[in-house]
Amino acid sequence: MSRHFLGSTASVREARRFVTAFLNGWPIVEAAELIVSELATNAIRHSASGRFGGRFLVTIHVGRDRLWLAVLDEGGPRTPEVLPDGQEDEGGRGLLLVSTLADSWGVDGDEQGRTVWALLSTEPAAAMQAASCR
């Protein structure tokens, strides 16, 4: 399931609601909601998705024991990365949160557009562990 959103801060809330509605009742819904919030925020802050008329795409794929979440942006000059510990900037910790909550995550694409994705286990024990990391 996928949905496009306008590249605005209000759309981050809409993206969270999209994920929450789709995963209603799942034990990983809160972790998924936080991950999509961080990825959508990065898309509008650090890519062309945040420009006037920009958009980003949120995709959810559910497998037998995994959930794949992704945000496709419109590209930008820098590749998303986790900032080193001790970074004193007010922002810049979103991907650290994503890496803590997800079983794995990654980036595909280039300055023309990239997908930042996260993989979460839907097995009860792993889901409970992800929820406790919040």
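Numbering of residues begins at 1 and proceeds along the displayed sequence. Keep in mind that the numbers below use all heavy atoms, side chains included, and drop hydrogens, waters and symmetry copies. All values derive from a computational prediction rather than experimental measurement.
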Closest heavy-atom contact between W105 and S99? NE1-CB, 3.3 Å
Can you tell me how far the OG atom of S2 sits from the CG atom of L72, to the nearest 0.5 Å? 9.0 Å
Minimum side-chain heavy-atom gap L67-L23 below 4.5 Å: yes
Here the gap from L39 atom CG to L95 atom CG, rounded to the nearest 0.5 Å, amounts to 6.5 Å
So CG of D73 and CG of L57: to nearest 0.5 Å the spacing works out to 10.5 Å
Would you call the rings of W68 and H61 parallel, tilted or perpendicular, taking 30° and 60° as the class edges? tilted
Side-chain contact, heavy-atom cut-off 4.5 Å: I60 with V19? yes
Is there a side-chain contact between F18 and V36 (heavy atoms, below 4.5 Å)? no
Could you measure the distance from the CG atom of L96 to the CG atom of L101? Nearest 0.5 Å is fine. 9.5 Å
Could you measure the distance from the CD1 atom of I44 to the CG atom of L6? Nearest 0.5 Å is fine. 10.5 Å
Test of understanding: with salt bridge (Lys or Arg N to Asp or Glu O under 4.0 Å), list the residues that count as partners of R16, not counting sequence neighbours. E33
Between V62 and W26, does a side-chain contact (heavy atoms from CB on, under 4.5 Å) hold up when you go through it step by step? CA-CA 12 Å; V62 178; W26 290 44; 3.3 Å; yes
Taking every heavy atom of E74 against every heavy atom of A48, the minimum-distance pair comes out as OE1-O, 3.5 Å
Heavy atoms only: give me the nearest V29-T20 pair and the separation to one decimal. CG2-CA, 3.9 Å
Hydrophobic clusters here meaning ILVMFWY residues chained together by side-chain heavy-atom distances under 4.5 Å, can you tell me if L97 and V116 are in one? yes
For R51, is the CZ atom crowded, meaning more than 12 foreign heavy atoms sit under 6.0 Å from it? no
Intermediate values then yes/no, side-chain contact (heavy atoms from CB on, under 4.5 Å), E111 and R78: CA-CA 7 Å; E111 65 277 349; R78 294 180 32 214; over 6 Å; no
Between the OG atom in S11 and the CZ atom in R55, the distance rounded to the nearest 0.5 Å is 11.0 Å
Can you confirm whether R114 is buried at CZ, in the sense that more than 12 heavy atoms of other residues, nucleotides or ligands lie under 6.0 Å from that atom? yes
Between D103 and R66, does any side-chain N to carboxylate O distance fall below 4.0 Å? yes
If you define the side chain from C-beta out and look only at heavy atoms, does anything of W117 sit under 4.5 Å from L69? no
Using ring-ring contact (aromatic ring centres under 6.0 Å, His included) as the criterion, list what pairs up with H4, not counting sequence neighbours. none
For the student: nearest non-hydrogen atoms of S121 and I28, plus distance: O-CG2, 3.6 Å
How far apart are the closest heavy atoms of F56 and A43, and which atoms are they? CB-CB, 4.2 Å
Which heavy-atom pair separates A31 from L120 by the least distance, and what is that distance? CB-CD2, 4.4 Å
